[in-house]
Amino acid sequence: MFDHAILTTRQMGQADAFAADSGVAGTTLMERAGRGVAQAIMARYAARPTLVLCGPGNNGGDGFVAARHLRAAGWPVEVFSFKAIEDLTGDAGWAASQWEGPVSRLDAAEPADGALIVDALFGAGLSRPLEGEPARLAEASRERSCITVAVDVPSGVQGDRARADGPSFLADLTVTFHRYKPAHLLQPAAGQCGDKVLIDIGIPKGWHGEAGHCAQVNGPGLWTVPGLEIEAEAHKHSRGRLCVLSGPAGATGAARIVAQAGLAGGAGFVTLLCPPSALMEASTASLAVVTKALSRDGSFAEALEEAKADCAVMGPGAGLGETLRERVLSALGREMALVLDADALTVFKDDPETLFEAVHARCVLTPHAGEFDRIFKGLRENCENRIEAVREAASRSGAVVVLKGPDTVIASPDGEVRVNVHASARLATAGTGDALAGLAGALLAQGASAFDAASAAVWIHGDAGRRMGAGETAAELLTRLPGALEALRRQRAREAAMSRLTPCTAPPADH
């Protein structure tokens with residue numbers, strides 16, 4: 001069922017409309033949704049006093065169905081409705097009519113310690129802050145030691161903007177339907193959703209042609225990267241040559257991390273290009289990394305040519321100044337694969353258009369939020385969410401843009417966007433972003449497209465982060481990269497083997 005698509009609230013509405021046009025009744029979808037909510041609750045929690053808070057629309061209808069299934073399973077359930085049930089119409093009115101127990105007004109609900117609250121007040125389409133009784137209950141639920149389960153999204157959270165502009169519920173579990181929305185994956189809303197369960201409610205095939213998607217959840221099924229499987233005739237030069245620009249003496253650490261990550265990512269030959277004063281220091285990167293002195297006045301493009309570089313990573317620890325700016329533009333003039341990070345982006349903060357004019361389709365920009373804001377001024381504030389901001393940044397710059405964070409967003413200039421949540425908060429330490437740049441550079445050097453190289457690097461980097469222990473740093477992350485790559489290779493091999501299996505049909509029994 002899971003096909004990676006992320007839908008806006010409008011697109012989800014179009015998918016629902018497609019189901020109706022295909023002959024699937026709204027009440028059928030609502031029954032499946034509410035039953036799915038009840039099943040998700042019962043799979044995780046023991047029976048306990050349960051307050052189901054039902055809103056005036058279809059979200060409330062899902063709540064009535066969930067209440068019915070919980071009660072049938074023996075749970076002590078009380079239902080509270082935002083609206084008098086005789087005033088409910090459409091599918092929500094049908095769902096309320098199927099509930100045979102009492103229904104109280106919303107202002108009678110009082111969350112108690114140890115209870116379970118089903119927040120079925122408002123779905124992802126709510127575009128205004130909570131007020132009145134819903135706002136009171138949102139605050140009360142946070143103050144009590146109770147479990148909160150949200151239907152679709154926690155009420156008060158805006159599904160597309162992925163945030164709340166006022167009081168909102170804080171869910172331990174969020175049960176949503178058909179496909180994820182931005183609020184389920186983007187911070188800060190994703191953090192308010194708690195654990196997330198996606199329920200298939202049976203929208204017929206063909207919905208995608210009607211609704212489309214705004215982005216995809218990043219994962220191995222979306223990308224192809226050469227180098228995961230090493231061919232028998234491979235040698236170090238055939239596996240890609242990666243060059244990394246180093247900073248001056250005392251500031252080579254970031255570039256050394258990039259270089260080591262490049263080796264771990266499969267690049268066959270990695271060269272650190274560094275100022276003469278940093279040559280000795282840079283040589284400690286790894287016995288397998290070549291170091292080469294780079295004259296301040298020499299042509300950087302010529303140095304890349306001499307190294308026969310298939311890709312270069314520039315920026316980490318490079319230092320700000322006119323020399324770096326000139327070297328970035330020089331490398332861009334070769335139209336080779338490039339990863340631009342950190343200082344290589346910040347050096348253009350006063351004149352980003354010069355960078356954008358030189359950028360080409362084989363470039364990957366990997367800013368964190370601060371660097372993103374320096375070269376794409378005001379874009380995050382003026383866009384609905386990170387998906388739209390990074391999509392616009394990629395279109396404006398002409399490069400693949402990776403906005404790093406707990407919800408890393410990767411966008412290509414043609415408008416495709418992937419959101420990566422396969423990661424760990426333990427990556428929030430110095431140097432891990434440099435490892436990501438080196439990994440992306442390695443995949444580019446081996447021939448992956450810019451979008452796939454960036455997407456795969458982010459996922460593999462995140463998987464390595466999930467393997468980190470408490471207190472570990474970028475040094476330990478580098479040791480986790482081979483394990484993450486090997487796990488991915490094995491997963492790919494299992495999937496390939498399964499795809500080659502031919503279903504076996506048993507011969508008919510003798511009579």
Side-chain angles (χ1 to χ4, degrees), residues 223-227 237-246 255 258-259 262 265-273 290 292 294-295 297-316 318 322-348 351-367 371 375-376 390 393-402 410-416 436-457:
W223 27 263
T224 301
V225 287
H237 301 302
S238 70
R239 295 185 64 202
R241 299 173 70 99
L242 177 66
C243 281
V244 180
L245 176 64
S246 171
V258 173
F269 199 93
V270 179
T271 302
L272 262 174
L273 299 173
V290 174
K292 184 174 181 180
L294 183 63
S295 168
D297 299 324
S299 166
F300 189 66
E302 289 178 5
L304 293 173
E305 187 68 36
E306 289 174 8
K308 298 178 181 171
D310 296 300
C311 179
V313 179
M314 304 178 70
E322 187 59 30
T323 298
L324 175 60
R325 177 185 168 92
E326 291 173 356
R327 284 173 173 170
V328 170
L329 294 174
S330 176
L332 286 167
R334 291 193 71 236
E335 297 194 359
M336 62 181 290
L338 284 176
V339 179
L340 302 180
D341 186 32
D343 293 344
L345 301 174
T346 300
V347 76
F348 290 95
D351 183 22
E353 292 304 322
T354 296
L355 174 64
F356 301 159
E357 288 171 6
V359 156
H360 52 78
R362 300 193 67 203
C363 293
V364 176
L365 314 183
T366 58
E371 293 156 354
I375 59 171
F376 300 106
V390 183
S395 174
R396 186 180 298 181
S397 66
V400 169
V401 177
V402 178
I410 311 114
S412 69
D414 65 5
E416 282 298 306
L436 173 62
L439 187 56
L443 299 177
L444 280 165
Q446 293 173 84
S449 70
F451 192 38
D452 279 358
S455 301

### Query
Does the side chain of Val364 reach to within under 4.5 Å of the side chain of Ile410, using non-hydrogen atoms?
no
### Message
What I want to find out is whether Arg334 reaches Glu305 closely enough, with some N-O distance under 4.0 Å, to be called a salt bridge.
### Response
yes
#### Entry: Verdict with reasoning, Leu294 to Arg327, per side chain to side chain contact (heavy atoms under 4.5 Å, CB included)
CA-CA 11 Å; Leu294 183 63; Arg327 284 173 173 170; 3.6 Å; yes
### Message
Check whether Ser330 reaches the backbone of Ala301 with its side chain - one donor and one acceptor, N or O, closer than 3.5 Å.
### Response
yes
### Task
Measure across Pro316 and Val258 and return the closest heavy-atom pair with its distance rounded to 0.1 Å.
CG-CG2, 3.8 Å
### Summary
Rounding to 0.5 Å, atoms CD (Glu335) and SG (Cys363) come to a distance of 9.0 Å
### Query
Can you find a heavy atom in the side chain of Met314 that is under 4.5 Å from one in the side chain of Val244?
no
### Query
Donor-acceptor pair, Arg241 side chain versus Cys311 backbone, under 3.5 Å?
no
### Message
Rounded at 0.5 Å granularity, tell me how far CG in Leu332 sits from CZ in Arg362.
### Response
12.5 Å
### Task
Look only at the side chain of Asp452 and the backbone of Trp223, and say whether a donor-acceptor pair between them is shorter than 3.5 Å.
no
#### Entry: 4.5 Å side-chain heavy-atom contact, Phe269 and Asp310
no
### Smallest separation among heavy atoms of Ala331 and Leu304, with atom names
CB-CD1, 3.8 Å
### Message
Do Leu272 and Val290 make a side-chain contact, defined as non-hydrogen atoms from C-beta onward lying under 4.5 Å apart?
### Response
no
### Query
For the side chain of His360 and the backbone of Gly333, is there at least one donor-acceptor N/O pair under 3.5 Å apart?
no
### Query
Quick check: does any side chain N or O of Glu416 sit under 3.5 Å from a backbone N or O of Phe451, one acting as donor and the other as acceptor?
no
## Note on the structure
In terms of heavy-atom contacts, Ala255 and Leu245 come closest through CB-O, 3.7 Å
#### Entry: Side-chain H-bond candidate by donor/acceptor type, Thr354 with Asp351, under 3.5 Å
yes
### Message
With side chain to side chain contact (heavy atoms under 4.5 Å, CB included) as the criterion, how do Val402 and Leu365 come out once you've worked through the C-alpha distance, each side chain's angles and the decisive distance to 0.1 Å?
### Response
CA-CA 6 Å; Val402 178; Leu365 314 183; over 6 Å; no
### Message
Could you report the tightest heavy-atom contact between Thr366 and Asp341, atom names first, then the distance?
### Response
O-OD1, 2.6 Å
### Task
Go through the steps for Leu444 and Val339 under the test side chain to side chain contact (heavy atoms under 4.5 Å, CB included), then give the verdict.
CA-CA 9 Å; Leu444 280 165; Val339 179; 3.6 Å; yes
### Query
For Phe356 and Ile375, which heavy atoms make the closest approach, and how far apart are they?
CZ-O, 3.6 Å
### Side chains of Leu273 and Ser246 in contact at under 4.5 Å (non-hydrogen atoms)
no
### Message
Are the side chains of Phe300 and Glu326 in contact, using a 4.5 Å heavy-atom criterion?
### Response
no
### Task
Apply the test side chain to side chain contact (heavy atoms under 4.5 Å, CB included) to residues Val313 and Leu338: give CA-CA distance (whole Å), side-chain angles for both, the deciding distance (0.1 Å), then the verdict.
CA-CA 6 Å; Val313 179; Leu338 284 176; over 6 Å; no
### Query
Given side chains that start at C-beta, do those of Val390 and Phe376 come closer than 4.5 Å, heavy atoms only?
no
## Note on the structure
Of all heavy-atom pairs linking Ala453 and Ala448, the shortest is CB-CB, 3.9 Å
